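Input: a single structure, listed below in structure tokens.
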Amino acid sequence: MPELAEVEYMRKRWNPGLGQRIEGVRLHAKAGVFRGTKPRLIARYLTGATFIASEAAAKQMLFRASGGVWLGLHLGMTGELSVQPAGYLPRKADHLVLEQSGQALIFSDFRMFGRVQFAVGPEAPVWWTEIAPAVMSKHFTREAVATFLRRRAKSPIKAVLLMQERFPGVGNWMADEILWRAGVHPRRPAGSLTPVEVAALHRQTRWVADHALKTIGETFADPPPSWLFRHRWKDGGRCPKSGEGLVREEIGGRTTCWSPGRQQLP
DNA sequence: TCCTATGTTGTATG
DNA sequence: ACATACAACATAGG
């Protein structure tokens, strides 16, 4: 489920816990989402700490608690955050539960492609600070995109858009939406795009991120029917701009949807 | 039973 | 060292 805007929405779901003490921690220490961490240490440090602030970047979230405690969450493919009433009994996929007075903050992920990260210290940990600058930031320039596409010249542009080191937060549906709006065929080699196409790709990346945050990121509401998003999920969909049938094929290992009239190979 | 799924990551190959 | 391609991870639902 989660790309840039879905992640932002999920981050805010824990807002009711801000300013509240974490009275207890329940976790599934052997769950794959804790790979590379020491779950018992996480439980020990979080217990008694106060949840202070959170932010999202790319497809990740960072939760800060008192005492220099930093909790990172990645939702993988099926991760979710929720708030449940106090006394809630964790279910199978509820791998991390932060108990507060009157409520519990839940991280669940049945497929366990998500992950938990953890650090203690005065500064945000490197696994957070090394995330690429957001596509809405001033660092995401047309020139940076052009340089990156040149370095990945032979890969299909669809696969390149999924690379988090340059397009943080872009996932499968966003990549298709961006290419559709830019009028670029997903199978085009990244190095073959003209300067005009690179400019369009850069502009549409920002546009899609901005508008997804305003719809999905705020209320989890679907974007309007004018978006490819609303038509791309199953066979038989029609292009909201041209009305022609959409095509779905696997590109770069991911199901890809495009509008053949608007997005052509040379 | 078989296929698909809004994501990464390790590994093999060039 | 770098770029590229793809299997693997784990689970549910159609």
Side-chain angles (χ1 to χ4, degrees), chain A residues 1-11 13 28-37 56-61 72-81 91-95 107-117 127-128 130-132 135 147-181 186-192 205 208-209 211-213 215-217 219-223 227-237 246-258:
Chain A
M1 165 197 302
E3 300 180 20
L4 186 79
E6 289 96 347
V7 170
E8 170 63 4
Y9 177 75
M10 287 294 167
R11 176 188 72 82
R13 277 191 158 184
H28 295 158
K30 290 188 176 172
V33 295
F34 289 104
R35 59 195 178 274
T37 71
K59 297 173 188 171
Q60 305 189 61
M61 295 166 289
L73 295 178
H74 190 298
L75 297 172
M77 202 82 110
T78 53
E80 278 187 50
L81 300 191
R91 317 243 299 250
K92 192 164 69 166
D94 299 333
H95 304 303
F107 166 56
S108 60
D109 181 12
F110 72 83
R111 272 177 89 181
M112 293 195 283
F113 289 174
R115 83 184 306 164
V116 177
Q117 288 174 292
W127 46 256
W128 182 260
E130 72 190 3
I131 294 173
V135 299
T147 302
F148 190 73
L149 266 50
R150 251 178 268 128
R151 205 150 62 81
R152 308 289 182 163
K154 291 183 177 171
S155 293
I157 186 62
K158 167 63 187 278
V160 173
L161 272 172
L162 294 174
M163 293 177 180
Q164 300 299 293
E165 70 248 49
R166 180 45 70 196
F167 299 96
V170 172
N172 204 33
W173 78 254
M174 281 185 79
D176 286 358
E177 189 78 35
I178 291 161
L179 289 169
W180 175 70
R181 289 176 184 273
R187 227 183 267 285
R188 291 273 302 284
S192 75
T205 299
V208 170
H211 288 254
L213 284 167
T215 55
I216 301 168
T219 63
F220 216 59
D222 282 352
W227 285 43
L228 179 67
F229 180 96
R230 292 284 292 272
H231 312 272
R232 67 177 306 277
W233 303 103
K234 50 185 191 298
D235 292 338
L246 296 168
V247 177
R248 283 154 51 85
E249 281 177 26
E250 186 165 301
I251 299 176
R254 310 298 301 279
T255 298
T256 300
C257 178
W258 72 95

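Bear in mind that the values here come from a model prediction, so they are computed numbers and not experimental data. Order of the sequence lines fixes the chain letters, A, B, ..., with proteins taken first and strands second; residue numbering starts at 1 for each chain.
Distances shown here put every side-chain N or O of Q164(A) at or beyond 4.0 Å from the OP1 or OP2 atom of dG7(B). Between H74(A) and dG7(B) there is no side-chain N or O to OP1 or OP2 distance below 4.0 Å. Note on R254(A): a side-chain N or O is less than 4.0 Å away from OP1 or OP2 of dG7(B).
Looking at which nucleotide of DNA chain B each of T255(A) and L162(A) is closest to, the 5′-most match is held by T255(A).
Between K234(A) atom NZ and dC3(B) atom C1' there is a gap of 17 Å when expressed in whole angstrom units. What separates CH2 of W127(A) from P of dT8(B) is a distance of 15 Å, to the nearest Å. If you take CZ of F229(A) and P of dA5(B), they are 14 Å apart, rounded to a whole angstrom. Taking atom CG on L149(A) and atom P on dT4(C), their separation rounds to 11 Å, with Å as the unit. Whole-Å rounding puts the R150(A) CZ to dT4(C) P distance at 14 Å. To the nearest angstrom, C1' of dC2(C) lies 13 Å from CZ of F148(A). Distance D235(A) CG to dA5(B) C1': 14 Å, rounded to the nearest Å. The CZ-P distance, from R166(A) to dC2(C), rounds to 16 Å in whole Å.
Here the shortest heavy-atom pairing between A57(A) and W128(A) reads N-CH2, 3.5 Å. Here the closest heavy-atom approach between residue A190(A) and residue R152(A) is recorded as CB-O, 3.4 Å. Shown here for L228(A) and C257(A), the closest heavy-atom pair between the two residues is CD2-O, 3.9 Å.
Considering only the side chain of R152(A), dT4(C) comes nearest among dT4(C), dA5(B), dG7(B).
Judged by the 6.0 Å and 45° rule, R181(A) forms a cation-pi pair with W227(A).
Under 4.0 Å is where a charged nitrogen must lie from a carboxylate oxygen, and between E6(A) and R11(A) no such pair does.
No donor-acceptor pair closer than 3.5 Å links the side chain of D176(A) to the backbone N or O of W173(A). No donor-acceptor pair under 3.5 Å is formed between the side chain of T255(A) and the backbone N or O of E250(A). Not a single donor-acceptor pair under 3.5 Å links the side chain of R188(A) to the backbone N or O of P156(A). Side chain of R248(A) to main chain of T256(A): no donor-acceptor pair is present (N/O by atom type, distance under 3.5 Å, no hydrogens or angles). Remark: side-chain polar atoms of Q164(A) are paired, donor with acceptor, to backbone N or O of L162(A) under 3.5 angstrom.
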Readout for nucleotides 9-14 of chain B: B = base within 4.0 Å of protein heavy atom, S = sugar-phosphate only, - = neither; 5' to 3' it is S-----
I need a per-nucleotide contact map over nucleotides 5-12 of chain C, read 5' to 3'. Cutoff is protein heavy atoms under 4.0 Å; write B for the base, S for backbone only, - otherwise. S---BBBS
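Across dT9(B) and dA12(C), the matching C1' atoms stand 23 Å from one another, rounded to whole Å.
Distance check: E3(A) CD to E8(A) CD gives 14.5 Å after rounding to the nearest 0.5 Å.
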With Watson-Crick and G-U wobble geometry limited to distances under 3.5 Å, how should the secondary structure of DNA chain B be encoded in dot-bracket form, using | for bases paired to another strand and [ ] for crossing pairs? .||||.||||||||
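Of the candidates R254(A), K158(A), R187(A), E249(A) forms a salt bridge (charged side-chain N to carboxylate O under 4.0 Å, His left out) with just one, namely R187(A).
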